[in-house]
Structure formats: structure tokens, C-alpha cells
Asks: 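Got a structure for you, questions after.
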Amino acid sequence: MSASNRLQQVQSHLEAADPFAQDRTRIDGHVVLITGAAQGIGRATASLLARQGARIAINDLDEAKAKLAVDELTAAGHEAFHVAGDMLDEGFPPKLVNAVIQRFGKINCLINNAGFCFDSALHKMSEEKFDVIMKIHNYVPYRMIKALSTHWMDPANLEMPKCVINIASTSGLHGAMGQINYSTAKAGIIGMTKTVASEWARYNVRANTVAYGWIDTRITRPPTGAEKMVLAGQEIVSGIPLNAKKWRDTSDIPLGRPGTITDAAGVMLFLACPLSSYVTGTVIECTGGRYMYGIR
Ligand SMILES: NC(=O)c1ccc[n+]([C@@H]2O[C@H](COP(=O)([O-])OP(=O)(O)OC[C@H]3O[C@@H](n4cnc5c(N)ncnc54)[C@H](O)[C@@H]3O)[C@@H](O)[C@H]2O)c1
């Protein structure tokens, strides 16, 4: 379809009478699949998007917490279900995508959120630590997006709104001490997202990245030792030590505080809803302004 035809088509849809007669923050009936959504940013996003009318599929490694999140959503009258499983399992992404399509008939929005840090100074970083971080933040999103290709490239689904939201970090934009693995992977996801935005625009797919700064979740709180995962044979303990003084200093955050999961979810909604219908291939920073004045 030519550019002018596409414009006319959109204009007739959106700009016929009053383009704002409908609430463009609503995503009624949209199916949103969020990985790693049993807690933290993913869970808050599930909650906000459900309120805006979405049907939610939650994946997480932690089945008990995933079930709790779903119970909370269904008790509030929303449609939701969970598919527990380890995103690092190579065969799992297509199974997850198929499970959601089977349950809800379609997927409008994929949020590749599952993730963690596994820090070490560069000279001490092991291949195994480097590898698992590349896998969770790059291979897993790539496999998830690819698993959607048949569904999203189907001409019958051309008009259906479709979007990918990937999660980066200020570590990927600016680098971060102790995070040679995480900063490499979080920079990589930005290139991946732009490529999806280029290749799949013709299928009416938007793809964007959110780069978060310091959001208050278990991965940024001081480690208690209680929040542990064993993945790829390695024990991964959540948390950033209290003595990471430079990182915990908020003086370079113009808004003067860490972000909340509510702050984080707001950007996800913007990217998932029609308000962002002409936004693709971009990176939105949700950082309270951190690094605006340069690298620390
Ligand atoms: N919190 C921050 O400051 C911050 C900053 C930048 C980016 N991020 C990114 O945001 C995303 C969410 O992080 P969060 O802060 O909400 O952390 P979180 O630990 O609260 O939530 C992450 C969830 O992902 C799940 N998960 C991890 N590995 C998984 C796997 N292999 N399979 C399935 N589920 C898995 C965990 O069980 C957990 O429920 C991550 O990609 C993280 O890298 C967070």
C-alpha cells in the first residue's frame, strides 16, 4: 500500500469526526503478554493495563507469585491467566505464545520484561555469568518476537493493533560499573527493537524500548539473601548492595528520588495504547532525568 493510501486509511479511521471522542488510553479487549510479571515492574504493568481493558497473560518463573497476581486481577473483574515457566528454556517461548493464542485467540502486545542482573567487575566476570545475562535480555526477547511471526504476519491480522515493548536500562545507554554483561545486553535490546520496528512496520507492528533508571524493586533494594533464583545452574541473588554509594546517591536524579513501579507502568501503558500510534523504533527513558547532565 502506498504512503498516501496508508495515511488516508488512518485518517478515515481516526480523524473522521472527533478523533478524541474515544478514550485513546483504553485498550479494551487487547491481549497483552508480559514475561516476568509476577512482581515488580511487570506486575504493576499487568495491573494498569488490565484496568485499561486489556486481557492479561502473565508468565513467571515463580508460579506461586504469578498465581497471586492473576488472582488479584480476576478478583477485580479482569481477565487474566498465568503460564509459569523459565524463559531461558529454549523451547519455552513458542509454547508460551501458543498457550496465550489458544486461551485468548490473539496477542496484541508482547512485553519482554523478565530479567535480572548478575553483576561482577569486568576482570572477574565469568563466561557463565555473561552468557546467562545475554540469554535472558537478548536471546529470550528475540525468540519471543520470532515466535509471534506467523500470528503477526498473517494478512488476516494486518489491521489488528500489534506492538512489542522491550526493556532496556540506563546501564545500556551509558554503561555501568560492575555490569559488563547487563550493559552489553541492555544496549543490544535497543538495536533489536529498532530492527523489529523497521522489518515489521509493514505488518502494522510497532516496537519500542523503555530504558529505566533506578526503579524500586527487589533487584535494586539491598540484598536480603531471601530473593534467590537458580538459573542455568547458577544461584542469582537479587539486590544492589547498600554500599553502592554512587549508584544510591540521588543527587544526579533531577526528580530527586528513585522511580516506583507505578511510574514504570505508566510508560508501558503509553506505548501499549493508541496514544502512541505514531511512535515506533524509539527509546523512552524513565529515569527521573538521571544522566541528563552526563555520565558519572
Ligand atoms: N528495577 C530497576 O531499577 C530496573 C532498571 C532497568 C531495567 N529493569 C528491567 O526491568 C525488568 C523487570 O525488573 P524488575 O525490577 O521488575 O525485577 P523483579 O525481580 O521485581 O521482576 C522480574 C521478574 O522476572 C522473573 N524472571 C526472571 N527470570 C526469569 C525467567 N528466566 N523466566 C521467567 N521469569 C523470570 C522473576 O521471577 C521476577 O518475577 C527487567 O528486565 C530488568 O532488567 C529494571
Side-chain angles (χ1 to χ4, degrees), residues 33-47 57-70 82-93 95-96 111-119 132-141 143-144 165-174 176 179 181-190 209-221 223-224 226-240 244 247-248 250 253 257-265 267-268 283-288 290-291:
L33 164 56
I34 315 176
T35 65
Q39 60 202 318
I41 294 170
R43 182 165 179 176
T45 300
S47 179
I58 285 181
N59 151 266
D60 209 280
L61 200 60
D62 188 327
E63 177 149 30
K65 284 187 186 166
K67 198 175 165 317
L68 265 180
V70 166
H82 78 274
V83 185
D86 181 357
M87 293 306 308
L88 291 168
D89 172 352
E90 204 174 327
F92 185 62
K95 284 186 199 153
L96 174 57
I111 304 183
N112 281 310
N113 170 76
F116 50 87
C117 301
F118 205 10
D119 296 355
V132 75
I133 286 293
M134 297 305 286
K135 287 213 165 99
I136 192 70
H137 294 293
N138 287 172
Y139 279 78
V140 165
R143 288 177 188 146
M144 285 298 292
I165 304 174
N166 286 327
I167 314 302
S169 158
T170 44
S171 304
L173 295 174
H174 304 289
Q179 295 195 325
N181 51 358
Y182 188 78
S183 59
T184 303
K186 289 298 197 187
I189 193 72
I190 294 172
T209 311
V210 188
Y212 290 113
W214 173 5
I215 305 296
D216 178 39
T217 68
R218 67 178 190 156
I219 70 170
T220 52
R221 290 186 195 133
T224 60
E227 298 288 352
K228 282 184 201 161
M229 303 182 291
V230 177
L231 288 170
Q234 302 174 87
E235 184 176 271
I236 297 161
V237 180
S238 292
I240 295 185
W247 192 83
R248 293 202 174 280
T250 54
I253 303 179
R257 61 169 177 86
T260 65
I261 53 176
T262 312
D263 295 322
V267 185
M268 301 273 212
V283 184
I284 298 187
E285 292 183 43
C286 180
T287 65
R290 194 170 219 182
Y291 298 114

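Order of listing sets the numbers, starting from 1, for every ligand and every atom in it. Small disclaimer: the values here were computed from a predicted structure and weren't measured. Excluded from the calculations below are hydrogen atoms, water molecules and symmetry mates; all remaining heavy atoms, backbone and side chain alike, are included.
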Asks: Under a 4.0 Å heavy-atom limit, does Asn59 contact ligand 1 with its side chain, its backbone, both, or neither?
Replies: side chain
Asks: Are Glu227 and ligand 1 in contact, using a heavy-atom cut-off of under 4.0 Å?
Replies: no
Asks: Answer yes or no: does an N/O atom from Ile219 fall short of 3.5 Å to an N/O atom of ligand 1?
Replies: no
Asks: I'd like to know whether ligand 1 has Gly85 as a neighbour, heavy-atom separation below 4.0 Å.
Replies: yes
Asks: Suppose we measure from atom 3 (O) of ligand 1 to each protein heavy atom; which comes out shortest, and what is that distance?
Replies: Ile215 N, 2.8 Å
Asks: Between the main-chain N or O of Val83 and the side-chain N or O of Asn59, is there a donor-acceptor pair closer than 3.5 Å?
Replies: yes
Asks: For ligand 1, find out whether one of its N or O atoms is nearer than 3.5 Å to an N or O atom of Gln39.
Replies: yes
Asks: What part of Val140, side chain, backbone, both or neither, has a heavy atom within less than 4.0 angstrom of ligand 1?
Replies: neither
Asks: Could you check whether the rings of Trp214 and Trp247 sit parallel, tilted or perpendicular, using 30° and 60° as the cut-offs?
Replies: tilted
Asks: How does Arg43 reach ligand 1, if at all, at less than 4.0 Å between non-hydrogen atoms: by side chain, backbone, both, or neither?
Replies: neither
Asks: Which part of Ile167 is near ligand 1, with near meaning a heavy atom under 4.0 Å away: side chain, backbone, both or neither?
Replies: side chain
Asks: Quick check: does Thr220 get an N/O under 3.5 Å from an N/O on ligand 1?
Replies: no
Asks: Looking only at heavy atoms, is any part of Asn113 under 4.0 Å from ligand 1, and if so is it the side chain, the backbone, or both, or is it neither?
Replies: both
Asks: What are the atoms of ligand 1, with element, lying closer than 4.0 Å to any heavy atom of His137?
Replies: 41 (O), 43 (O)
Asks: For atom 36 (C) of ligand 1, state which one of Lys186, Met87, Arg218, Lys65 supplies the nearest heavy atom.
Replies: Arg218
Asks: For ligand 1, note which part of Trp214 has a heavy atom under 4.0 Å away: side chain, backbone, both or neither.
Replies: backbone
Asks: Pairs of nitrogen or oxygen atoms closer than 3.5 Å, one from Tyr182 and one from ligand 1: do any exist?
Replies: yes
Asks: Is the closest heavy-atom distance from Ala168 to ligand 1 below 4.0 Å?
Replies: yes
Asks: Check if Ala66 has a non-hydrogen atom at a distance under 4.0 Å from any atom of ligand 1.
Replies: no
Asks: For the 3.5 Å polar cut-off, considering only N or O atoms, please tell me whether Ala38 and ligand 1 meet it.
Replies: no
Asks: Would you mind finding which of Thr217, Thr45, Asp86 brings a heavy atom closest to atom 14 (P) of ligand 1?
Replies: Thr217
